[in-house]
Amino acid sequence: MITRFAPSPTGPLHLGHAYSAILAHDMARAQTGTFLLRIEDIDRQRSKPEWETQIIDDLRWLGLDWDAEPLRQSTRLPAYRAALQTLWQDDLLYPCTCNRRDILAAASAPHEGDPPMGPDGIIYPGTCRGIHAGSGRRHSDVPLPQDTTLRLDMGKAVTRVMDARRTEHGAKTFASFSETGRRPKGLIEFTATEMEQNIGDIVLSRRDFLGSYHLSVVLDDAAQGITDVIRGDDLFAATKIHVILQRLLGVPTPTYHHHALIRDNHGRRLAKRDDARAIRTYRTEGASPADIRHLVGL
Ligand code: GLU
C-alpha cells in the first residue's frame, strides 16, 4: 500500500487536513506500507513557501513521517506539458477564451433558474468548443497553444474511453473505481452521459499556470505509485474526472477512500482561512498531538 497526503501550501494546516494526513499515514503504517507527501503548489500566485514550511512543521509535530523527499508539483511542469501535448494531439483539448461572466451568461437560460453546476462550478456551455470545431484544423498540424485555457472535450473523451473498453472487455459499464471510505462502499460505476451532462468540458490547463488540479493529481498519483488515495469527501465528485483522465493517459486507477469532512460546531466545513481551527493555534494554546487525534475522532 502506498498512500499520500497532498496539501496545497495556500494556508495553514487545519483540523480537516490533519485528519486526512493522520488517516493516510496510519493506514499505510498498519499495512507496513509507504506514506508519501506531495506539495500541491502549481498555483504559483496562491502558494507560499512560508505555508509549506509551517505545514511540514505541523505534520512532524503531529508525529507523522514520510518515506521519501516530498514531491513538489512546481517541479513537474515538463510531465504536465507532455500529457497536455498527448491529449492535444489526440484532438481531445480545445482553447477557451471565455471568462467567468461569459460562461455565466451563456449557461443561464432565461426563466430556468440557476445554471447547472458540476464539480468545478458552472458546467461549461461549450461556446469555444463550437468555435474551435468550426476552424477545421487538425491538431496534429498545430502546436500545443501556450498561455491559454485548455478544456477537455468531454464528449470526445468519453467516446474514446468507451471505444477502448468495448474492444478490451465488450463491457457496457463505462468506467468505475473502488471506494473504501464513504458509503456505499465498493465499485462506483458511472455512465458516459453522466460525464457529459453533470461534469462537461473541464479546464485542464490555465492561462496563468500550466496544468490544473485534475491533470496534476492524476499524473502525480501515478508517478508516486499511489495505490490508495485517502482524501476528503469534497473530492468524491471529482474522482470521476480523475478516472477518465487515467484512462486517456494510460495510468492505473488507485483505490479511493473518501473520508467525512471535519465540521465546526455549527456543522460548517472548515475553510482554509479559518485560523481558529489551524493546528498552529491549537499548538500555541498548549494542545498535544494526542489532543488533535482526539479532536478529530481518532
Ligand atoms: N491539494 C488538495 C487540497 O489541499 C488535495 C488533493 C487530493 O487529495 O487529491 O485540498
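Each ligand, and each atom within it, is numbered from 1 in the order the structure gives.
Using 4.0 Å as the threshold, Tyr213 has a heavy atom nearer than that to some atom of ligand 1. Residue Arg4 places a heavy atom less than 4.0 Å from ligand 1.
Under the 3.5 Å distance criterion, with hydrogens and angles disregarded, a donor-acceptor pair is assigned to the side chains of His258 and Arg231. The closest side-chain donor-acceptor pair between Tyr80 and Asp220 falls under 3.5 angstrom.
With Lys156 as the fixed residue, the salt bridge (Lys or Arg N to Asp or Glu O under 4.0 Å) test singles out one of Asp201, Asp90, Asp91: Asp91.
For ligand 1, the atoms sitting less than 4.0 Å from at least one non-hydrogen atom of Glu40 are 1 (N), 2 (C), 5 (C), 6 (C), numbered in the order shown with element in parentheses. Which parts of ligand 1 touch Val217 is read off a 4.0 Å heavy-atom cut-off, strictly below it: atoms 9 (O). Every atom of ligand 1 with a heavy atom of Leu235 under 4.0 Å away is listed here by number and element: 6 (C), 7 (C), 9 (O).
For Asp114, the CG atom sits in a loose shell: 12 or fewer heavy atoms of surrounding residues, nucleotides or ligands are nearer than 6.0 Å.
Panel note: side chain Glu179, backbone Arg182; a donor-acceptor pair is recorded below 3.5 Å.
Neither the backbone nor the side chain of His242 has any atom closer than 4.0 Å to an atom of ligand 1 (non-hydrogen atoms only).
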